[in-house]
Amino acid sequence: MKNNIKKALSLVSALTVSAVSMMSIIPAYAEKDTATEVTKFPYTIEGEDLDGATLWTSIYENQMPDYSGEGFAYLTSDALTFKVTVPEDGMYQVTVRGAQILSEEGRLQTIAINGVEYSKTVPYYNKWTDIDFGVVRLKAGENEISFLNKYGYMAIDTVTVSDAVFPDVTKAVDVPCDPEATPETKSLMKYLHSVYGKGILSGQQEIYGGGHSVSTDIRYDAGSDKCVDGKGNEYVIDRDSEAVDKDGNKFYWHCSDDKRTYTYDEQNRSYKYDDYDQEFDYLKETAGYYPAIRGLDLMNYNPLYGWDDGSTERAIDWVKNRNGIITASWHINLPTDFENYELGEAVDWSQCSYKNNPQFKIANAVKEGTKENDYLNLAIEDLAEQLLKLQENNVPIMFRPFHEAEGNGGVDGSGAWFWWAQDGAKDYKELWKYLYNKLTGEYGLHNIIWLQNLYAWSDESAEWYVGDDYVDIVGFDKYDTVYNRHDGLTSGPNEDCNSNVYWSLVNYVKNNKMAAVMENSTIPSLANMTVEKATWLYFCTWYDNGQDNFISGDNYNNPETVKELISSDYCINLEQLPENLYSFAGDDDDTPKTTTTTGKTTGTDTTTTTTATGTTKPAPDETVKGDANVDGELSLADAVLIMQSLANPDEEKYKLTEQGAENADVVNKGDGITNMDALAIQVIQIELLSPEDLPITSEELNKIIG
């Protein structure tokens, strides 16, 4: 990747965006007023002080002791609201100290930010509990936060709004879950990780099947037994595709030249082709670049109506000749009438579907000796044949099977719209594992990076995650309506960044996996990504189909906004992918030096860690002031861990080690861990303070930050 200096600086800045989001914590501790009367954060309001609230001290006969203030509010009919003022658009955390005793199954609760609603299912809590309502976007100026009684009652003791604190997403793993992954697959995974959190890869899905049909004047001349066009050019006939039309005339389904394969059109008795590059050429013409990632679907390789639409060959070409990245979904079909279907029987495509099918039991699909299992094995065999062609050509693939499983929500599969999830999360996960083991074990396929779609309808959404051993990257399919948005606009394409979904996914996988927008209608805008701090790995816009023109229709994507993002230094396109993409071993001269790399001297157990600039830091087993996570270096990750340990004192994963606590106590040394320690580390990151100045007193720190 021959990046210029501007590109390198931009990626460094983009990396800082997610970390410096925490710098807005500084005003929260600085004891000074401003002329704009900006709310000081963290801000806490008593439930009984919310507009629309009445004072409660018990919920009818149910006593709720240990409330703060004079009592609490109970969400019954009227909305409970309050207002905060912020200096600029940004992301904030909303936490309720509340209780929910109406339903042991959980109760859906709704919060509205300036009229935009977020909902989550709150479990049964019969004592005061901190309830996370997620990261929300507030606009510059005054904001109204409301709790709406749509489905169920909730007691609110206090509400706290604080600056959002985000984890360091570059902690996600950079190796495939398959321990036998091919060298090219490992290299691709390394490269993806090297840009994650620093930039976004552009992607575009091609139309599958027989879409974007273009007619030609190529005809089959039975007399000369040739395929020729109006200019007399001759085309190579696929002799294996011989057929006879309804009038008894011989023809061939396929002919080709050095550009593409053409398919016979019985109605016009001429040949046509499908323009699979239509969306890609549109992006090139509109924004000046081709996307880095090409999306396709392997659904047509199936035991029912299976036919070769050239997807595999296009995948090989995109990687080998264009140096691009391939991803694929698998809309694998079932016979609609599965009960009467005979295995191996050819079925017209109109008699097949990937929608829910009550005749097909998912539990049986992984059980040897069942009809469902026999059919699934046939489908996997067809899939494996194509994946093997890719592997033989050293082409890795980001594979997304059984996607969008949860559908409209519900761990029992009640919201599923695809057959593979219709029986619920438990059976779905077994189906996924069966496919994984079949492809890697029986077929020896190790060129796969495994992608799984997840949603964030409720905490139950996490139940669909198959697990770290079977998934490499998690993702979200972004199809937003014009009104479900958080940027303050009420019309035009919804360029929301879906930050709340992003951080939900990161939380589901404990920050171990990268997260991407694996399918989308509207591409998030550069401005929204900057504000919302959602550092998605990539996006992949769905194809145009004539009715929903997802990339070229201005109701879905504003060409100017698309151009702004794709031509920006934050977006990585086909032209910016490194030449060594499939032999990539980590940060090198082709990748901006924004992170640290660790080297070890042969024959030693410990060594020094060297930054990209060449300076040497102590090894992880040495004491570093402020090093809360004891990794041998002082970074924003230490500030994040301190904040998390204070906010979640009972969670084991956030507890500091004895050495970490000793290192982290850098303000008023000896008083234990406080928010001031995290603040000092943040101030060091913007070079207002030097690590050599630690420890420091709180008075000295407050003078530095004004």
Side-chain angles (χ1 to χ4, degrees), residues 177-178 297-307 328-388 399-445 448 450-455 460-471:
C177 62
D178 179 4
D297 203 299
L298 298 174
M299 65 178 293
N300 289 315
Y301 304 104
N302 64 63
L304 303 173
Y305 59 88
W307 62 288
S329 49
W330 192 42
H331 282 86
I332 189 62
N333 280 261
L334 298 178
T336 306
D337 186 9
F338 184 73
E339 288 182 354
N340 295 310
Y341 169 71
E342 294 185 12
L343 290 174
E345 177 186 2
V347 178
D348 185 81
W349 67 269
S350 63
Q351 303 301 311
C352 309
S353 175
Y354 41 73
K355 302 299 183 182
N356 292 348
N357 188 330
Q359 297 180 10
F360 192 97
K361 302 303 179 186
I362 308 306
N364 286 343
V366 299
K367 188 181 300 182
E368 187 176 352
T370 65
K371 184 177 180 181
E372 289 92 337
N373 181 251
D374 289 341
Y375 174 78
L376 179 61
N377 287 339
L378 288 176
I380 293 175
E381 181 180 4
D382 286 345
L383 169 67
E385 181 182 357
Q386 303 308 314
L387 295 177
L388 182 60
F399 184 46
R400 186 170 64 109
F402 304 141
H403 65 292
E404 298 179 3
E406 188 182 8
N408 289 323
V411 72
D412 60 354
S414 57
W417 49 68
F418 293 133
W419 64 261
W420 45 80
Q422 64 189 12
D423 295 339
K426 182 177 181 296
D427 287 341
Y428 165 80
K429 288 187 284 189
E430 292 304 311
L431 182 67
W432 181 289
K433 293 175 183 178
Y434 184 86
L435 175 65
Y436 175 93
N437 291 325
K438 195 85 170 175
L439 291 179
T440 59
E442 180 175 333
Y443 289 100
L445 290 162
I448 302 171
W450 292 81
L451 314 182
Q452 188 191 6
N453 272 134
L454 296 171
Y455 285 101
E460 283 187 336
S461 298
E463 296 299 317
W464 291 87
Y465 181 53
V466 181
D468 288 356
D469 292 340
Y470 298 92
V471 178

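Remember, predicted model here, so these are calculated numbers, not experimental data.
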Checklist entry - Taking the side chain from N356 and the backbone from A416, do they hold a donor-acceptor pair closer than 3.5 Å? => result yes
Checklist entry - Hey, do the aromatic rings of Y470 and W432 have their centres closer than 6.0 Å? => result no
Can I get a per-line list of side-chain donor-acceptor pairs under 3.5 Å for residues 361-368, giving both atom names and the distance, sequence neighbours left out?
unit_1	atom_1	unit_2	atom_2	d
K361	NZ	P358	O	3.1
N364	ND2	E372	OE2	3.4

Checklist entry - Say you draw a straight line from SG of C177 to OH of Y436; how long is it, rounded to the nearest 0.5 Å? => result 4.0 Å
Next on the checklist: Please check if the number of heavy atoms outside W307 that lie under 6.0 Å from its CH2 is greater than 12.
Outcome noted: yes
Next on the checklist: Any side-chain to backbone donor/acceptor pair from K371 onto Y341? Under 3.5 Å, distance only.
Outcome noted: yes
Checklist entry - Tell me, do L454 and Y465 make a side-chain contact under 4.5 Å, heavy atoms counted? => result yes
Checklist entry - Residues two or more places apart in sequence or in another chain: which of them pass salt bridge (charged side-chain N to carboxylate O under 4.0 Å, His left out) with E442? => result K438
Next on the checklist: Check whether N333 reaches the backbone of L304 with its side chain - one donor and one acceptor, N or O, closer than 3.5 Å.
Outcome noted: no
Item to check | Residues D374, N377; criterion side-chain hydrogen bond (donor to acceptor under 3.5 Å, both in side chains); working and verdict | outcome: CA-CA 5 Å; D374 289 341; N377 287 339; 4.8 Å; no
Checklist outcome for this item: Here the gap from L431 atom CG to K426 atom NZ, rounded to the nearest 0.5 Å, amounts to 12.5 Å
Checklist entry - What residue among L435, I332, N302 forms side-chain contact (heavy atoms from CB on, under 4.5 Å) with L383? => result L435
Checklist entry - Are any side-chain N or O atoms of Q422 and backbone N or O atoms of F360, one a donor and one an acceptor, separated by less than 3.5 Å? => result yes
Checklist entry - Could you give the distance from OH (Y443) to CG (L388), rounded to the nearest 0.5 Å? => result 10.5 Å
Checklist outcome for this item: Shortest non-hydrogen pair, A405 vs W464, comes out as CB-CE3, 3.8 Å
Checklist entry - Would the W420 and H403 ring centres measure less than 6.0 Å apart? => result yes
Item to check | Proximity of W330 and F402 rings by center, below 6.0 Å | outcome: yes
Checklist entry - Okay, side chain of T336, backbone of Q351: is any donor-acceptor separation there less than 3.5 Å? => result yes
Item to check | E342 CD: over 12 foreign heavy atoms closer than 6.0 Å | outcome: no
Next on the checklist: Classify the ring geometry of F418 against H331: parallel below 30°, tilted from 30° to 60°, perpendicular beyond 60°.
Outcome noted: perpendicular
Checklist outcome for this item: In this structure, CD1 of I380 is separated from CD of E385 (nearest 0.5 Å) by 14.5 Å
Checklist entry - Between D178 and T440, is any side-chain donor less than 3.5 angstrom from a side-chain acceptor? => result no
Checklist entry - Do you see a donor-acceptor pair shorter than 3.5 Å between the side chains of N373 and Y434? => result yes
Checklist entry - With side chains defined as the heavy atoms from C-beta onward, is the minimum distance between F338 and Y375 less than 4.5 Å? => result yes
